[in-house]
Structures are given as C-alpha cells and as structure tokens.
**Student:** 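Take a look at the following structure, please.
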There are 2 protein chains.
Amino acid sequence: MSESGAAVRNTRQRSAVSALLGEMEGFHSAQDLHAMLRQRGERVGLTTVYRTLQGLADAGEIDVMRPPGGEHLYRRCSEGHHHHLVCRVCGRTVEVAGPAVESWADRVAAQHGYADVSHTLEIFGTCPTCPR
Amino acid sequence: MSESGAAVRNTRQRSAVSALLGEMEGFHSAQDLHAMLRQRGERVGLTTVYRTLQGLADAGEIDVMRPPGGEHLYRRCSEGHHHHLVCRVCGRTVEVAGPAVESWADRVAAQHGYADVSHTLEIFGTCPTCPR
DNA sequence: CGTGGCAACGATAATGATTGTCAAAAACGC
DNA sequence: GCGTTTTTGACAATCATTATCGTTGCCACG
C-alpha cells in the first residue's frame with residue numbers, strides 16, 4: 001500500500017471525453033457532451049461523463065462555470081487563471097485575464113485575515129452581433 | 001390602465017419575509033427562511049418565500065449568492081453594488097466594495113463590444129478564527 | 001360601505017440536474 | 001496470463017427550485 005501510485009487509469013472513456021473537450025469551442029453541459037459522445041458512437045455512460053469532468057476540473061485541466069440557469073458548464077481552457085465574458089443571448093465567450101483583479105482579491109482577503117484565497121468572477125453582457 | 005401602478009401589493013407575507021431578512025445576519029437559504037417563519041407562527045408557503053425572495057432580488061433589495069453547494073443563499077445587504085468575502089469553513093461573510101473591479105469589468109466588456117454588462121464576483125477563503 | 005377585478009398565495013406535483021449504489025468489466029503490475 | 005483494484009454504467013434516489021391552478025385577500029372605484 002505504498003502511497004506512490006496515483007492510481008488514475010487510462011481508459012477509453014476518459015480519453016474520449018478529454019478528446020472531445022479538446023475539439024470543442026465554448027461551454028457545454030455534461031449532458032451535452034454525453035449526447036455528443038453517443039452520436040459519435042462512443043459508448044459512455046452519463047455517470048462516467050460526470051465523474052470524468054469532475055476529475056478533470058479537480059486537476060485544473062478544464063474550467064467550470066455555473067450560470068444562473070442552474071446547469072454546470074465545462075470547457076477546455078487555456079492554462080492559467082482567467083475569467084469569462086459571456087454573451088447572455090448566444091453564449092459566445094471570451095476569455096479575459098485581469099491581473100489587477102487577482103491581486104485586488106488577494107489583498108482584500110488578506111486585509112480581513114482570510115487565508116487560502118480563491119475567487120470566482122464572471123461577466124455577462126450582450127455581444128455585438130446579437131439582437132438586443 | 002395607466003402605467004403608474006407598480007401592481008406590487010403589500011401583503012402580510014411579503015412584510016414578514018422582508019422583516020425577517022432585516023433581522024438576520026449572514027446568508028440563509030430559502031428553505032431556512034421558510035422554516036424560521038414557520039417557527040414564529042407566521043403562516044407562509046414555501047412557494048411564496050421563493051417568489052418573494054426573487055422579487056426582492058430583482059428589486060435589488062437583497063443579494064443572492066450561489067455557492068458550490070447548489071443552494072441559493074439570500075441576504076439583506078447594504079445598498080449599492082458590492083461583493084462578498086466568505087469563509088468556506090464557518091460561512092462568515094464580509095462585504096467588500098471594489099470600485100476598481102467594477103470599472104475594470106465594464107471596460108473589458110466594452111472593449112469586446114458587449115453591452116448591458118453585469119457581473120458576479122465572490123471571494124472564498126478561510127477566516128482567521130477558523131481552524132485550518 | 002359594498003363589490004369586482006386581479007394579483008398574490010399556497011399545497012402539491014413536476015422538473016431535472018446531479019449523486020449514490022453496486023455488480024460486472026477492464027486495466028495495470030508482475 | 002493472472003489477480004487485484006479501479007472504473008464503469010444502468011438505475012434509483014435526492015433535493016432544490018419551478019409550474020400549476022383553485023382560492024384568498026388587497027385595492028380601487030362606485
């Protein structure tokens with residue numbers, strides 16, 4: 001029972017989910033992704049999709065967004081910390097980085113004695129190509 | 001049918017919810033608030049609590065937070081736009097204002113042509129009195 | 001003061017995403 | 001190849017929130 005093994009096995013399903021995310025643009029729900037895999041003929045259970053997405057999110061390889069609609073959305077993102085500017089009509093998303101915001105959040109938290117700080121930030125708007 | 005009437009009626013239940021929120025510190029879920037009202041002998045339906053909270057939130061009189069736990073939390077907040085610094089252990093919350101962040105978000109959105117901009121920001125950490 | 005319209009109420013059922021369960025299958029190390 | 005352990009996946013359970021729809025009470029006007 002050594003503690004060495006990460007014990008993360010490389011399965012067909014995991015590869016399929018990861019690969020699919022690699023090709024996709026924008027955000028998709030777990031159920032979306034599951035449906036797409038099915039269409040491709042990949043035989044993957046919905047439960048597994050959820051589990052895989054959670055794992056990838058924990059590992060920091062994908063990003064999770066929780067829009068007011070209540071459905072979790074996942075996306076393969078560029079590395080590093082960043083935020084999203086989302087069109088509330090068509091869903092088009094732009095990644096934005098805000099170093100100033102990061103440091104501001106850390107500073108404010110520290111001022112109040114909070115440790116181990118993280119934060120979530122999302123910007124919503126109507127993108128220029130969408131009818132109002 | 002002039003356009004004057006807000007058509008928002010002043011009911012016992014609405015007052016009760018509003019009053020309760022006025023006394024409470026911190027965030028509480030809709031179901032929490034409903035249970036408290038029941039304990040007090042106020043006869044208010046759960047549906048009405050949800051509706052009232054939504055109404056108050058729309059009117060900007062209370063704040064909504066959607067923590068990863070999946071339960072919406074409501075709180076009577078100071079006026080104006082601000083954000084929250086929440087202890088992920090004990091839930092203690094501090095209101096923080098960040099004018100710089102507000103303008104940054106608006107500016108970034110505008111740069112990408114996004115209109116009608118809003119945003120959500122929450123900071124999580126471990127507060128000084130909580131064991132790590 | 002009485003009445004009518006209309007919004008709010010509220011009990012219940014419906015919704016729907018996510019999580020738990022557990023036997024069967026697959027992957028990795030040797 | 002073989003055994004062990006993780007992973008899978010179909011299905012059921014959970015649970016907050018929303019829709020439904022008949023009833024109730026507020027409000028304005030006569």
Side-chain angles (χ1 to χ4, degrees), chain A residues 1-21 27-59 61-75 91, chain B residues 1-21 27-59 61-75 91:
Chain A
M1 60 264 290
S2 72
E3 67 289 351
S4 64
V8 176
R9 296 189 180 177
N10 203 10
T11 64
R12 173 176 48 83
Q13 292 87 346
R14 189 177 296 266
S15 305
V17 172
S18 195
L20 179 59
L21 279 168
F27 284 89
H28 296 275
S29 70
Q31 318 226 9
D32 260 2
L33 295 168
H34 177 240
M36 293 178 200
L37 288 171
R38 278 291 167 94
Q39 270 188 358
R40 290 186 172 203
E42 302 275 2
R43 300 173 77 289
V44 182
L46 178 58
T47 308
T48 301
V49 174
Y50 274 106
R51 261 192 304 238
T52 304
L53 288 172
Q54 268 183 6
L56 290 172
D58 283 349
E61 296 187 30
I62 61 174
D63 234 34
V64 190
M65 192 175 54
R66 325 193 317 97
E71 208 174 14
H72 293 194
L73 300 180
Y74 303 88
R75 185 194 191 191
Chain B
M1 11 276 42
S2 67
E3 66 293 347
S4 64
V8 176
R9 297 191 179 174
N10 202 9
T11 66
R12 172 177 49 83
Q13 293 88 344
R14 188 176 297 267
S15 306
V17 173
S18 196
L20 180 59
L21 280 168
F27 285 89
H28 296 275
S29 69
Q31 318 226 9
D32 260 1
L33 294 168
H34 177 241
M36 292 179 204
L37 288 171
R38 278 289 167 96
Q39 270 188 358
R40 291 184 171 203
E42 302 275 3
R43 299 175 79 290
V44 181
L46 178 58
T47 307
T48 300
V49 174
Y50 274 105
R51 261 190 305 237
T52 305
L53 289 173
Q54 269 183 6
L56 290 171
D58 283 349
E61 296 187 31
I62 62 174
D63 233 36
V64 190
M65 194 175 53
R66 324 195 317 95
E71 207 174 15
H72 294 194
L73 300 180
Y74 303 87
R75 185 193 191 191

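Reckoned from all heavy atoms, side chains included, excluding hydrogens, waters and symmetry mates. Each chain gets a letter, A, B and so on, in the order the sequences are listed, and its residues count up from 1.
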**Student:** What is the distance, to the nearest angstrom, from the NE2 atom on H28(B) to the P atom on dA16(D)?
**Tutor:** 16 Å
**Student:** Write down the distance between CG (L53(B)) and P (dA16(D)), rounded to a whole number of angstrom.
**Tutor:** 15 Å
**Student:** Over how many whole Å does the gap from R66(A) atom CZ to dT17(D) atom C1' extend?
**Tutor:** 14 Å
**Student:** Could you pull out all residues at least two apart from R51(A) that satisfy side chain to side chain contact (heavy atoms under 4.5 Å, CB included)?
**Tutor:** T47(A), T48(A)
**Student:** Identify which one of V49(A), L53(A), V17(A) satisfies the side-chain contact (heavy atoms from CB on, under 4.5 Å) criterion when paired with H34(A).
**Tutor:** V49(A)
**Student:** Is there a side chain to side chain contact (heavy atoms under 4.5 Å, CB included) between E61(A) and L21(A) once you walk through the steps?
**Tutor:** CA-CA 10 Å; E61(A) 296 187 30; L21(A) 279 168; over 6 Å; no
**Student:** Quick one, give me the B/S/- string for nucleotides 18-30 of chain C, reading 5' to 3', where B means a protein heavy atom under 4.0 Å from the base and S means that only happens at the primed atoms, P, OP1 or OP2.
**Tutor:** BBB-----BBS--
**Student:** Please determine if a side-chain N or O atom of T48(A) lies less than 4.0 Å away from the OP1 or OP2 oxygen of dG9(D).
**Tutor:** yes
**Student:** Between D32(B) (CG) and dA16(D) (P), how many Å, whole number?
**Tutor:** 10 Å
**Student:** From L73(B) CG over to M65(B) CE, what is the distance, rounded to the nearest 0.5 angstrom?
**Tutor:** 5.0 Å
**Student:** Is the phosphate of dG10(C) approached by Q13(B) (side-chain N or O, under 4.0 Å from OP1 or OP2)?
**Tutor:** yes
**Student:** List the steps and the verdict of side chain to side chain contact (heavy atoms under 4.5 Å, CB included) for Y50(A) and Q31(A).
**Tutor:** CA-CA 9 Å; Y50(A) 274 106; Q31(A) 318 226 9; 3.1 Å; yes
**Student:** Kindly compute the distance separating CD (Q13(B)) from CD (E42(B)), expressed to the nearest 0.5 Å.
**Tutor:** 8.5 Å
